[in-house]
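Computation of the quantities below employed the complete heavy-atom set of this structure, encompassing side-chain atoms and omitting hydrogens, waters and symmetry-equivalent molecules.
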Amino acid sequence: MRQLIFQEYVTLDGFAADADGETPFFATVGEHDAEDLATFERIDTMLLGAATYEIFVAFWPTEAAAAEPITPLLNGLRKVVVSTTLAEAPWGTHEPATVVRDVEAVRALKAEDGKDIILWGSISLFHSLLAAGLVDEIQLRVCPVLLGAGRPVFSDQQVALELIEARPWGGNGVLMRYRPAS
C-alpha cells in the first residue's frame, strides 16, 4: 500500500504559519534543493486541501515559479484536492487536479498502485487524516524561529509517535520524521 506522508515547515515552537497566515520563516533554513528533489523520487501524487490548493495554484503553474528547481517535478505530479466546496481544480496549462470530497476517497487513493502520496500544508486536512489513521509518516522541517503565536501544526488530538529520523537539514534547520505508533 502507498504511504501517505505529511510534510510541513514548522517553527521551533510548533507553528505552520504566523498569526496572519504567512510563512516568512521558510527562508531561515538555508539551502535545501537537493532534499526537495530527493522527495520527488519517492512520490507521484500530491494531496492538498482547498485553501492550500488556492495558494499553490497561484504560484506553481506560473512563470514566477520557473526558477524553482522543483517546479517541473511538482507540476508533473498527479494532484488531488480534498474539498467539499470546489467543483474543479485547474492547474494552469498542466493536467488539472482531481477533486475528491472526503477522507474515504483518500483511503481509496492509498490503496491504488503507485509511489507514495505527499500532503503539503493543509493542516485541517492533516488533522482529519491523522484521526482517521491514514497518515503513515509525519515529516517536520523545523525552522530556527520562535513565533509565540500562529497556526499550530497539531490539534488537541493525542497521538503517540515513533521517531524514524532526526538530523540537521538545510543548514539551519532540523528534519524530524515520525510515524504514528501502532
Given Ile138 and Val153, is the side chain to side chain contact (heavy atoms under 4.5 Å, CB included) satisfied, shown in steps? CA-CA 11 Å; Ile138 299 167; Val153 172; over 6 Å; no
Approximate separation, where rounding is to 0.5 Å, of Lys115 NZ and Ile43 CD1: 9.0 Å
Quick check for you: to the nearest 0.5 Å, what is the distance between Thr11 atom OG1 and Asp13 atom CG? 4.0 Å
Is there a side chain to side chain contact (heavy atoms under 4.5 Å, CB included) between Val142 and Leu12? Walk through the geometry before answering. CA-CA 6 Å; Val142 182; Leu12 194 56; 3.8 Å; yes
Of all the heavy-atom pairs spanning Ala89 and Val81, show the shortest one and how long it is. CB-CG2, 4.0 Å
Just by modelled atom types, is the His127 backbone N or O under 3.5 Å from a matching donor or acceptor in the Gln157 side chain? yes
4.5 Å side-chain heavy-atom contact, Leu163 and Leu161: no
For Ala16 versus Ile123, what's the shortest heavy-atom pair and its separation? CB-CD1, 3.9 Å
Do Leu4 and Val106 have side-chain heavy atoms sitting under 4.5 Å apart? yes
hydrophobic_cluster_shared for Leu140 and Ile164, side chain cutoff 4.5 Å: no
Closest heavy-atom contact between Lys110 and Met1? O-CG, 3.2 Å
Can a donor-acceptor pair be found between the side chains of Asn75 and Trp60 at a distance below 3.5 Å? no
Ring pair (Phe, Tyr, Trp, His ring centres under 6.0 Å) filter on Phe6, not counting sequence neighbours, yields Phe126
Compare all side-chain heavy atoms of Ile70 with those of Leu37 and state whether any distance is below 4.5 angstrom. yes
Thr45 OG1 to Ile118 CD1 distance, which is reported to the nearest 0.5 Å: 10.5 Å
For Leu86 and Tyr53: C-alpha separation, side-chain torsions, deciding distance, then whether side chain to side chain contact (heavy atoms under 4.5 Å, CB included) applies. CA-CA 10 Å; Leu86 295 175; Tyr53 159 77; 3.7 Å; yes
If we only count heavy atoms from C-beta on, is the Leu130 to Pro180 side-chain gap below 4.5 Å? yes
Just one of Asp44, Asp116, Asp113 clears the side chain to side chain donor-acceptor pair (under 3.5 Å) bar with Arg2, so which one? Asp44
Report yes if some heavy atom in the side chain of Val145 is under 4.5 Å from a heavy atom in the side chain of Phe15; otherwise report no. no
Side chains of Leu74 and His94: closer than 4.5 Å at any heavy-atom pair? no
Minimum heavy-atom distance between Glu8 and Trp120, given as atom pair plus value: OE1-C, 4.5 Å
Rounded to the nearest 0.5 Å, what's the gap from NZ on Lys79 to CG on Leu48? Could you check? 9.0 Å
Glu162, CD atom: more than 12 neighbouring heavy atoms under 6.0 Å: yes
Test of understanding: with salt bridge (charged side-chain N to carboxylate O under 4.0 Å, His left out), list the residues that count as partners of Arg78, not counting sequence neighbours. Glu112
Separation between CG of Leu134 and CZ of Arg107, rounded to the nearest 0.5 Å: 4.5 Å
Could you state the interatomic distance from CD (Gln7) to CD (Glu137), rounded to the nearest 0.5 Å? 9.0 Å
Would you say the side-chain atoms of Asp20 pair up with the backbone N or O of Glu22, donor to acceptor, closer than 3.5 Å? no
How close do Ala50 and Ser83 get, counting heavy atoms only, and between which atoms? CB-OG, 3.7 Å
Where do Leu47 and Leu119 come nearest, in terms of heavy atoms and distance? O-CD1, 3.2 Å
With side chain to side chain contact (heavy atoms under 4.5 Å, CB included) as the criterion, how do Trp169 and Val174 come out once you've worked through the C-alpha distance, each side chain's angles and the decisive distance to 0.1 Å? CA-CA 5 Å; Trp169 168 77; Val174 175; 5.7 Å; no
Quick check against the 3.5 Å criterion: does Thr71 have a side-chain atom that pairs as donor or acceptor with the backbone of Glu68? yes
